[in-house]
Amino acid sequence: MTLNAMPNMPPDPLALTSQEFIAAAAKLGKSKHESLGAYRAYHRLGVRTSWMAEDPPATLQHTVDERTMKFLLSVGDDLETESVIIPMPHRGGRFSRTLCISSQVGCAMGCQFCETGQMGLMRSLSVREIVQQLHVARFGVPHPFEDETRAASGGFDIANIVFMGMGEPMDNLAAVLQAIRIFCDMNGPAIGCSRVTVSTVGRTAGIRTLGEFIQEHGLRRVGLAISLNAPNDEIRSSIMPINRSEPMALLRKAMTDFPKRPTSALCVEYVLIPGVNDKLEHADAVCEFLREIRCSLNVIPYNPRRNSPWPAPDDATVDAFVDRAIANGQFTKRRRTKGRTAMAACGQLGNERVRQRKFVSLAIDPPAARE
Ligand code: SF4
């Protein structure tokens with residue numbers, strides 16, 4: 001029995017959609033009007049009403065590199081979530097904020113280029129621990145940079161949410177899907193669903209479940225990002241263990257089947273690692289793999305993790321790779337590195353102290369039948 005299914009438990013705005021919250025509050029004798037007002041005040045103003053569930057105890061630490069902020073929230077047992085707030089510049093000197101959130105503490109996927117992958121999986125986060133990261137980003141952290149985007153409500157505006165922090169979202173999918181429903185709840189955080197993106201290493205069963213979920217719940221614009229990182233199975237299996245059980249042909253089929261969005265394409269991420277996947281013929285092979293898939297290729301210069309066997313790539317190599325992909329007709333962008341010195345850049349989340357501890361193993365599913 002979940003906490004909020006128990007009779008007369010205080011309803012939890014971090015774990016429930018507004019409709020679920022109203023139903024739970026009704027058991028305490030609260031009217032729909034009162035409970036809806038309380039739910040809105042919590043998510044829009046950061047104001048907690050006395051009869052709702054307590055916020056989880058959270059010790060907050062934050063670090064800032066240029067304008068990128070990483071913050072940690074303790075979740076008990078000496079474990080922490082890690083989240084990053086990234087400013088995205090726009091014309092006219094304005095910017096919006098993207099929040100990169102974690103779905104697990106650590107990760108079982110073991111990608112060789114990723115700091116989190118070296119930790120192993122400690123545990124999956126609950127819905128409230130995922131949603132709390134947004135709440136803290138809006139109302140709990142002191143933002144050190146321009147505050148003209150501080151909303152009239154007193155919170156900071158977060159325009160986009162990406163599940164690209166610690167963890168593989170498909171390995172905690174039930175919690176991730178409920179968190180998406182709360183993020184997009186128009187009585188709650190009211191993040192447009194086209195501004196939420198789930199990034200996966202390529203768990204094909206999860207991709208299918210996500211595709212069905214967003215169609216069933218009217219959230220068709222939720223984005224999917226695929227962490228590809230290799231031109232062929234040999235290289236991909238050497239840096240991403242998932243590829244041994246779910247090779248690229250299976251991944252490609254899942255990508256093709258994912259519901260198409262009218263205005264934006266699938267995002268394919270490619271971490272460019274010197275001496276591993278950075279040759280021009282690799283760019284050609286990646287473009288061939290993606291040829292029939294409407295997608296944007298996002299080339300990410302490798303951010304060295306602790307004790308990394310590889311350095312960061314030089315600019316000329318990254319530019320040459322991007323130019324070659326564009327010459328192949330593939331829509332391609334280079335992601336600018338942010339937050340490297342605070343260990344807040346892509347692939348750098350993960351606490352060294354926690355890494356010393358025991359981790360939980362998670363079996364990788366056997367491959368689905370090949371076509
Ligand atoms: S890249 Fe993502 S899936 Fe791979 S180990 Fe890191 S957090 Fe896990």
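The first residue of the sequence shown is numbered 1, and numbering continues consecutively from there. First listed ligand is number 1; within each ligand, the first listed atom is number 1.
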_Atoms of ligand 1 close to Gly167 [distance to a heavy atom under 4.0 angstrom, numbered from 1]_ =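 It comes down to these atoms of ligand 1: 7 (S).
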
*Which atoms of ligand 1 are found less than 4.0 Å from any heavy atom of Gly117?*
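Listed by number with element, the hits are 5 (S).
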
*Name all residues meeting the salt bridge (charged side-chain N to carboxylate O under 4.0 Å, His left out) criterion together with Asp323; count only those two or more places apart in sequence or in a different chain, and write none if there are none.*
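Scan of Asp323 (salt bridge (charged side-chain N to carboxylate O under 4.0 Å, His left out), adjacent residues dropped) gives none.
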
*Dump the intermediate steps for ring-ring contact (aromatic ring centres under 6.0 Å, His included) on Trp310 and Tyr302, then the final yes or no.*
CA-CA 9 Å; Trp310 310 292; Tyr302 171 62; 5.7 Å; yes

*Is the distance between atom 8 (Fe) of ligand 1 and the nearest N/O/S atom of Cys111 smaller than 2.8 Å?*
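Within the cut-off used here (under 2.8 Å), Cys111 places no N, O or S atom near atom 8 (Fe) of ligand 1.
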
_Using a strict threshold of under 4.0 Å (side-chain N to carboxylate O), is an ion pair present between Glu269 and Arg335?_
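Salt bridge between Arg335 and Glu269, a charged N being under 4.0 Å from a carboxylate O: yes.
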
*Apply ring-ring contact (aromatic ring centres under 6.0 Å, His included) to Phe321 and His282, showing your working.*
CA-CA 8 Å; Phe321 191 96; His282 294 158; 7.7 Å; no

*Quick one: does Ser227 get a heavy atom under 4.0 Å from ligand 1?*
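Not so, Ser227 does not reach ligand 1.
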
